[in-house]
Novice: 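The structure follows.
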Amino acid sequence: MLTAKLVLIYPRPLDEAAFERAYKEEHLPLIEKKLKGLNRFVATKIVQSPAGQVRAYRIAEAHFSDMNALHGCLETGGCKDLMEHAKMISTGGPPIVLICEEENFLFW
């Protein structure tokens, strides 16, 4: 079954501690309120890479039941406000925004 997700890749911020405060105290509380149709949210912090330090710092994944739900969310004022806030707190440059189809496989 295909689902849809909105992915934001945040570049390494100028001040990691300030970004973490803004992300956790301001941004995360807005997500459930602003993203209509959201099923699940995953916040990932990159701690290391075999390639050494990479430009990517955080990856945010907003999961939706299908592409129609995701696109419906993108058209709302709440989503647009949240995307502006994401740009505002991303001091290392604007986040990369991706619209993705996701296919899940379970291995036991």
Novice: Below 30° counts as parallel, above 60° as perpendicular, anything between as tilted: where do the rings of H85 and H27 land?
Specialist: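 H85 and H27: parallel rings.
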Novice: Give the minimum heavy-atom separation between D81 and K34, together with the two atoms involved.
Specialist: OD2-NZ, 3.6 Å
Novice: Cluster question for you: counting only ILVMFWY and a side-chain heavy-atom cut-off of under 4.5 Å, with indirect links fine, are F19 and I31 together?
Specialist: yes
Novice: Are L28 and V97 grouped together when hydrophobic residues (ILVMFWY) are joined by side-chain heavy atoms under 4.5 angstrom apart?
Specialist: yes
Novice: Please name the pair of heavy atoms, one in S65 and one in N39, separated by the smallest distance, quoted to 0.1 Å.
Specialist: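 For S65 and N39, the tightest heavy-atom pair comes out as N-ND2, 3.0 Å.
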Novice: With side chains defined as the heavy atoms from C-beta onward, is the minimum distance between L2 and M67 less than 4.5 Å?
Specialist: no
Novice: CD1/I99 to CG/L6 distance, rounded to the nearest 0.5 angstrom?
Specialist: 6.5 Å
Novice: When you compare the side chain of M83 with that of C79, does any pair of heavy atoms fall below 4.5 Å?
Specialist: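 The answer is yes, as the side chains (C-beta and beyond) meet within the 4.5 Å cut-off.
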Novice: Can you check side-chain contact (heavy atoms from CB on, under 4.5 Å) on T3 and F64, steps first, answer last?
Specialist: CA-CA 6 Å; T3 59; F64 297 85; over 6 Å; no
Novice: Do you reckon L74 sits in the same ILVMFWY cluster as L8, going by side-chain contacts under 4.5 Å, direct or chained?
Specialist: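 Shared cluster, yes.
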Novice: Show the nearest heavy-atom pair for residues G93 and P11, with the distance to one decimal.
Specialist: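 Heavy atoms only, the tightest pair is O-CG, 3.3 Å.
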Novice: Provide the closest heavy-atom pair for Y23 versus A43 in the form atom of the first, atom of the second, distance.
Specialist: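 Heavy atoms of Y23 and A43 come nearest at OH-CB, 3.7 Å.
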Novice: OG1/T44 to CZ/R58 distance, rounded to the nearest 0.5 angstrom?
Specialist: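 Going from the OG1 atom of T44 to the CZ atom of R58 covers 8.0 Å.
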Novice: Just how far is it from atom NZ of K5 to atom NE2 of H63, taken to the nearest 0.5 Å?
Specialist: 5.0 Å
Novice: I'd like to know if V7 and I89 are part of one continuous hydrophobic network [Ile/Leu/Val/Met/Phe/Trp/Tyr, side-chain heavy atoms within less than 4.5 Å].
Specialist: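 No, no single cluster joins them.
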Novice: Nearest 0.5 angstrom please: I46 CD1 to I59 CD1, how far?
Specialist: 4.0 Å
Novice: State which residues pass side chain to side chain donor-acceptor pair (under 3.5 Å) with H71; sequence neighbours excluded, sorted by chain then number.
Specialist: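 If we apply the side chain to side chain donor-acceptor pair (under 3.5 Å) test to H71, skipping adjacent residues, there are no hits.
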Novice: Show your working on side-chain contact (heavy atoms from CB on, under 4.5 Å) between L98 and I9 and close with a plain yes or no.
Specialist: CA-CA 8 Å; L98 306 168; I9 303 172; 4.0 Å; yes
Novice: So, K24 and E20, do they make that salt bridge, N to O below 4.0 Å?
Specialist: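 E20 and K24: salt-bridged.
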Novice: For L14 versus T91, what's the shortest heavy-atom pair and its separation?
Specialist: N-OG1, 3.1 Å
Novice: Under the side-chain contact (heavy atoms from CB on, under 4.5 Å) rule, what do K45 and Y57 come out as? Steps first, then yes or no, please.
Specialist: CA-CA 6 Å; K45 183 176 178 184; Y57 178 73; 3.3 Å; yes
Novice: Looking at every non-hydrogen atom in both residues, tell me the closest pair between L38 and R40 and how far apart they are.
Specialist: CD1-O, 3.3 Å
Novice: Does one hydrophobic cluster hold both V42 and I96, with members joined at side-chain heavy-atom distances below 4.5 Å?
Specialist: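 No, V42 does not connect to I96 through the hydrophobic network.
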